[in-house]
There are 2 protein chains.
Amino acid sequence: MRINYESNRKILEEKQVRPTAMRMLIFKFLAQKQMAVTLADIETAFEKSERTTIYRTIKTFEESGIVHLIEDGSGVAKYALCEAGCNCELDSDLHLHFHCETCKETQCLTETKIPHINLPPGFTATDASLVVKGTCDKCNKK
Amino acid sequence: MRINYESNRKILEEKQVRPTAMRMLIFKFLAQKQMAVTLADIETAFEKSERTTIYRTIKTFEESGIVHLIEDGSGVAKYALCEAGCNCELDSDLHLHFHCETCKETQCLTETKIPHINLPPGFTATDASLVVKGTCDKCNKK
DNA sequence: CCAAACAATGCACTTCCATTGCAGGTTTAT
DNA sequence: ATAAACCTGCAATGGAAGTGCATTGTTTGG
Ligand SMILES: [Mn+2]
Ligand SMILES: [Mn+2]
Ligand SMILES: [Zn+2]
Ligand SMILES: [Zn+2]
């Protein structure tokens, strides 16, 4: 696990985020989890730590392009790690997000890009977000 | 304006919603406004009325397919009238929503449909929502 | 028309989540 | 070693959504 720890640390440092203990733990948690998580999810996973610290950690991650925010319609904010090489602080993040109505989980489908949209005359776009709801692959197997 | 009032009343009745005074006023407000509105917007427009009444009116409208909910990423729920003939209580509403970062308004682009999305194997979709951010036609003219 | 039944409204209260201020504590740079 | 910059914990605040209940208004069957 040493290598993993080191590579995580490197990711934080590359993004100019100091790798404190709490940040490393939260980063690892996000990396292990395949799905988008809420602040409450993280809170549950680390009962010892403070809500505010988690909140500010995620904000820092978001501003540094380590995670991106996902609004899946559930009403609470969710976050997921950005892909290596993703520059979503600058550019926009054009993959779609899938919310499974069975298992209630939300995930990035990074392979599936948002198609180009022809807007009516006069409109110009800088960003887009696409959330698809339905049943995920795992839930469809059962 | 008599005719307008009557036709609004007819729309409510067709959707099995009793046309009370408050409901007629809120419906008219939504019909005049071209943009999606928040509960707070309605509250501001009708200072006399109660927040709860507005809340429950919009819920009723939503459940009856008179308005649809829009989550544009601002964190607060917005609502807009459904088009005539729209059946979004049953079917899903597949037009896109545009949020202007200049005037901060959100509107339905009912002519612009969400394109078909090819999901990875195993995933099945029942609904989709697409929000595009940028500058609207009016703001681009200035 | 009247009374019972039903539906809508108003008010108070609650919950949930996001956000901020401030007082330590820790790390970093000089 | 010291000061500055940064991080963390705790308390408090705020905004928005939702619920329970009493009151008022509307419908409808007799
Ligand atoms: Mn994503
Ligand atoms: Mn719409
Ligand atoms: Zn699922
Ligand atoms: Zn605009």
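Note: hydrogens, waters and symmetry copies are ignored here, and every other heavy atom, side chains too, is used. Below, chain A is the first sequence line, B the second, and so on; all start at residue 1.
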Check your understanding: dT9(C), dC10(D), dG10(C): which one has an atom nearest the side-chain heavy atoms of Arg23(B)?
Key -> dT9(C)
Exercise for review: Measure from CD on Glu47(A) to C1' on dG9(D) and round the result to the nearest Å.
Suggested key: 17 Å
Review point. Aromatic rings His68(A) and His97(A): how do their planes relate, parallel, tilted or perpendicular, breaks at 30° and 60°?
Key: parallel
Revision key, fill the gap. Which of dT9(C), dA18(C), dC10(D) is nearest the side chain of Glu50(A)? It is dC10(D)
Check your understanding: If you pin Arg51(B) and Ser49(A) to their nearest nucleotides in DNA chain D, which one's is more 5'?
Key -> Ser49(A)
Check your understanding: Below 4.0 angstrom from OP1 or OP2 of dG9(D), is there any side-chain N or O of Thr53(A)?
Key -> yes
Check your understanding: Do you reckon Ile11(B) sits in the same ILVMFWY cluster as Val37(B), going by side-chain contacts under 4.5 Å, direct or chained?
Key -> yes
Check your understanding: Salt bridge or not for Arg51(A) and Glu43(A), using N-O below 4.0 Å?
Key -> yes
Exercise for review: Measure from NZ on Lys48(A) to C1' on dC10(D) and round the result to the nearest Å.
Suggested key: 18 Å
**Study point:** Exercise: do Glu71(B) and Ser129(B) side chains pair donor with acceptor under 3.5 Å
**Key:** no
Check your understanding: In whole angstroms, how far is the P atom of dT8(D) from the CZ atom of Phe46(A)?
Key -> 13 Å
**Study point:** Nearest-neighbour nucleotide for the Thr57(A) side chain, dA12(C), dT8(D), dA16(D) considered
**Key:** dT8(D)
Review point. NA contact type, Thr20(B), heavy-atom cut-off 4.0 Å: base, sugar-phosphate, or nothing?
Key: sugar-phosphate
Check your understanding: Roughly, in whole Å, what's the span from CD in Glu63(B) to C1' in dA7(C)?
Key -> 14 Å
Practice item. Ignoring the backbone of Arg18(B), work out which of dC11(C), dA18(C), dA7(C) is nearest its side chain. Key: dA7(C)
Review point. Ring centroid separation for Phe61(A) and Tyr79(A), is it under 6.0 angstrom?
Key: no
Exercise for review: Starting from C1' on dG15(D), measure out to CD on Glu43(B) and report it in whole angstrom.
Suggested key: 11 Å
Review point. Does Arg56(A) get its side chain close enough to the base of dG9(D), under 3.5 Å, for a donor-acceptor pair?
Key: yes
Exercise for review: Could you tell me whether Lys59(B) contacts a base, only the sugar-phosphate backbone, or nothing, with contacts defined as non-hydrogen atoms closer than 4.0 Å?
Suggested key: sugar-phosphate
Exercise for review: Give the rounded distance in Å between these two atoms: CE of Met22(A) and P of dC10(D).
Suggested key: 13 Å
**Study point:** Gln16(B) CD - dA8(C) C1' separation (whole Å)
**Key:** 17 Å
Review point. Roughly how many Å is it from CZ in Phe61(B) to P in dA8(C), rounded to a whole number?
Key: 11 Å
Exercise for review: Tell me what Ala77(B) touches on the nucleic acid: a base, only sugar-phosphate, or nothing, going by heavy atoms under 4.0 Å.
Suggested key: sugar-phosphate
